[in-house]
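Data first, discussion second: the structure below is written as C-alpha cells.
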Amino acid sequence: MWFFRLLGSWSMIVAVISLVGDFTRAVGTGNGLVFTSLGRQWFELSPAGLNALQAALERYIHPYAWDPVASFVLETPTWVVFATIGLLLYVAGRRRERVNIFAN
C-alpha cells in the first residue's frame, strides 16, 4: 500500500506545481487568475500524444469515451485533476486501523 501513497504524493506535488504556475502567470501578466486546463498543457507538451489518445479511445474503447468523458477531464484545470487522483490514491493506500474484537 505504500506504493499508492507514494503515487498519491507525487500526484499532489504535480497539482501544487500546476497551481503555483497558474498563480505565477496571473501575477506576472497582471490579468486575472485563469487556470490552465489539462488538455491545453498536454497539447503544449505533446500534441502527438494527445491525438494518439483520442484515436486509441475512439478505436479500442468507444467513441463516447472520448467526447463526453475524456473531453470533460481534459477541460478541467490541471491542478484539480491531479489533486483528485492524488487524493484517491492516497485514500486507497492508507493504513487501516486495527480493530480488536473481544468475544466472551
Side-chain angles (χ1 to χ4, degrees):
M1 294 301 162
W2 62 270
F3 187 69
F4 288 134
R5 288 193 309 264
L6 179 68
L7 288 177
S9 298
W10 286 349
S11 182
M12 293 299 276
I13 288 170
V14 171
V16 169
I17 289 171
S18 175
L19 186 62
V20 168
D22 287 340
F23 276 121
T24 304
R25 189 175 306 115
V27 169
T29 59
N31 297 336
L33 180 62
V34 177
F35 296 118
T36 308
S37 68
L38 178 64
R40 180 176 172 191
Q41 285 191 346
W42 192 348
F43 186 76
E44 289 174 359
L45 289 174
S46 173
L50 188 60
N51 291 334
L53 174 71
Q54 179 180 3
L57 285 178
E58 288 179 346
R59 179 178 293 166
Y60 296 116
I61 296 179
H62 198 276
Y64 291 123
W66 173 256
D67 190 21
V69 178
S71 63
F72 173 74
V73 172
L74 291 173
E75 291 172 358
T76 308
T78 305
W79 69 272
V80 172
V81 173
F82 279 103
T84 304
I85 291 170
L87 183 66
L88 291 175
L89 285 171
Y90 196 77
V91 167
R94 76 181 187 279
R95 295 183 184 193
R96 306 281 196 293
E97 290 185 25
R98 187 174 189 104
V99 178
N100 294 326
I101 299 175
F102 299 103
N104 291 339

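- Leu74 approaches Ser37 most closely through the heavy-atom pair O-CB, 3.4 Å.
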| request: Might you work through the side-chain contact (heavy atoms from CB on, under 4.5 Å) test for Ile13 and Phe82, ending with a clear yes or no? | output: CA-CA 9 Å; Ile13 288 170; Phe82 279 103; over 6 Å; no
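- In the hydrophobic clustering of this structure, Ile61 groups with Leu50; members are Ile, Leu, Val, Met, Phe, Trp, Tyr whose side-chain heavy atoms approach within less than 4.5 Å, directly or through other members.
- Under the 4.5 Å side-chain contact rule for hydrophobic residues, Val73 and Trp42 share a cluster.
- Taking each heavy atom of Ser18 and Thr78 in turn, the nearest pair found is OG-CB, 3.4 Å.
- Ala26 and Gly32 get closest at one heavy-atom pair: CB-O, 3.9 Å.
- Expressed to the nearest 0.5 Å, how far CH2 of Trp66 lies from CD of Glu58 amounts to 7.5 Å.
- Phe3 and Leu89 end up in the same hydrophobic cluster when Ile, Leu, Val, Met, Phe, Trp and Tyr side chains are linked at under 4.5 Å.
- The environment of CZ in Arg40 is sparse: at most 12 heavy-atom neighbours from other residues, nucleotides or ligands sit within 6.0 Å.
- Following chains of ILVMFWY side-chain contacts shorter than 4.5 Å, one can reach Leu53 starting from Leu38, so the two form part of one hydrophobic cluster.
- When all heavy atoms are compared, the tightest approach of Ala15 to Ala83 is CB-N, 3.6 Å.
- Considering every non-hydrogen atom in both Asp22 and Leu33, the closest pair reads O-CD1, 3.8 Å.
- Counting non-hydrogen atoms of neighbouring residues, nucleotides and ligands closer than 6.0 angstrom, the CZ atom of Phe35 exceeds 12 such neighbours.
- Of all the heavy atoms in Arg25 and Thr29, the pair that sits closest is O-OG1, 2.8 Å.
- Side-chain atoms of Ser9 come within 3.5 Å of backbone atoms of Arg5 as a donor-acceptor pair (strictly under, hydrogens ignored).
- Under the 4.5 Å side-chain heavy-atom criterion for Ile, Leu, Val, Met, Phe, Trp and Tyr, Trp79 and Phe23 are members of the same hydrophobic cluster.
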